[in-house]
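See structure below.
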Amino acid sequence: MTGSLADAALRPVAALHRAALTSADGDGPVTTPRLPAREDAERELSEPRYHENDPNLLQRIIDWIWDRVGDLLDTAAGATPGGPTGLIAVVIVVALLVLALRLRLGRLRAQPTSDTSSLFTDRPRTAADHRANSEARAAEARWSEAVQERMRALVRSLEERALLDPRPGRTADEAAEEAGHALPEHAEALHAAARSFDEVTYADRPADEATYLRLRSLDTALRHATPAAPTGGREPATSRGGGRS
């Protein structure tokens, strides 16, 4: 086995040797042109048995990529003060900054007015149902869920009082905008409540007790608020089930 491999490896050398020592009349060596000798060696080396252990195409691509990555890292290390150690320190600092920003900002905030940002996502419930759920979540210090349920209770209460028309797919921002026209003195607080709901629901930013208490106070205030008289001197809409808790 070993002998055959050695013979195969020596064949190109033998070919060159024969080309160099060939004599026209057998009297002595003559100089053979370089090109024919090279072509003879190339033909020998092109035979498949010399390439049985060559890496496949995928492996060659991977090796090329790693070589380029290595060159890039070597270049970066050479340009960074402290060499490889300095490069590692820079990478660690950048990673820590990205992590800090992620923890501070949370998930990128979604557009709160998109069609998929519906305020109510399950079967219709009364304002009293949502308030009860909100109080239960607050008792367990689950402030994000408590804020969501209190906002739903607030909007459902406005619908029950006919200050908002019941409309599937309404977003918190849309409800705040519409309710702000009927209750202008609470418009700013309504928009703030909608932002809190959006941040909890779509931006994955946890609420706290203070946020929940502000929303609960707004809900209580709205239950006793008198809507503004519509243009034209008509009487404001009467309460339908308003104040039910």
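Note: His224 NE2 to Asp219 CG = 10.0 Å, rounded to the nearest 0.5 Å. Atom CG of residue Leu154 and atom CG of residue Leu215 lie 6.0 Å apart, to the nearest 0.5 angstrom. Taking CG of Asp198 as the reference point, atom OG1 of Thr171 lies at 7.0 Å (rounded to 0.5 Å). Note: Arg223 CZ to Leu158 CG = 11.5 Å, rounded to the nearest 0.5 Å. For the atom pair CG of Asp67 and CD1 of Ile62, the computed distance is 12.0 Å after rounding to the nearest 0.5 Å. Atom CD of residue Glu185 and atom OG1 of residue Thr226 lie 8.0 Å apart, to the nearest 0.5 angstrom.
Taking 4.5 Å as the limit, every side-chain heavy atom of Arg150 sits out of range of all side-chain heavy atoms of Glu145.
Remark: Asp165 CG is loosely packed, at most 12 non-hydrogen atoms of other residues, nucleotides or ligands lying under 6.0 Å away. Other residues, nucleotides and ligands contribute more than 12 heavy atoms inside 6.0 Å of the CD atom of Glu135.
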Report task. Output, in order, the C-alpha distance, side-chain angles, deciding distance and verdict of salt bridge (Lys or Arg N to Asp or Glu O under 4.0 Å) for Arg216 and Glu209. Result -> CA-CA 10 Å; Arg216 188 181 68 176; Glu209 183 178 8; over 6 Å; no
Report task. List the steps and the verdict of side-chain contact (heavy atoms from CB on, under 4.5 Å) for Tyr212 and Ser134. Result -> CA-CA 9 Å; Tyr212 169 73; Ser134 177; 3.1 Å; yes
Requested in this report: Could you go through the side-chain contact (heavy atoms from CB on, under 4.5 Å) check for Ser196 and Met151 one step at a time?
Outcome: CA-CA 9 Å; Ser196 297; Met151 185 64 187; over 6 Å; no
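A salt bridge links Glu159 to Arg170: at least one charged side-chain nitrogen sits closer than 4.0 Å to a carboxylate oxygen. With salt bridges taken as basic N to acidic carboxylate O contacts below 4.0 Å, none links Glu140 and Arg137. The existence of a salt bridge linking Arg167 and Glu174 is confirmed by a sub-4.0 Å separation between a basic side-chain nitrogen and an acidic carboxylate oxygen.
Closest non-hydrogen pair, Leu190 versus Ala176, comes out as O-CB, 3.5 Å. Of all heavy-atom pairs between Ala182 and Leu163, the closest is CB-O, 4.5 Å. The nearest pair of heavy atoms linking Ala172 to Phe197 is CB-CD2, 3.6 Å. Heavy-atom minimum distance, Pro206 versus Asp204: CD-O, 3.7 Å. Closest non-hydrogen pair, Arg161 versus Ala225, comes out as NH2-O, 2.8 Å. What you find for Leu218 and Ala193 is that their closest heavy atoms are CD2-CB, 3.9 Å.
The backbone N or O of Ala127 lies less than 3.5 Å from a partner atom in the side chain of Glu160, making a donor-acceptor pair. Here the side chain of Ser144 pairs no donor or acceptor atom with the backbone of Val200 at under 3.5 angstrom. Ser217 places a side-chain N or O within donor-acceptor distance of the main-chain N or O of Leu213, the cut-off being under 3.5 Å. Between the Arg156 side chain and the Arg125 main chain, a donor and an acceptor come within less than 3.5 Å of each other.
No option in His130, Arg131, Arg142 other than His130 meets the side-chain contact (heavy atoms from CB on, under 4.5 Å) test with Glu149.
Defined by atom type and a distance below 3.5 Å, a donor-acceptor pair is present between the side-chain atoms of Thr201 and Gln148.
A cation-pi arrangement is present between Arg68 and Trp64, with the terminal nitrogen or guanidinium carbon under 6.0 Å from the aromatic centre and inside a 45° cone about the axis.
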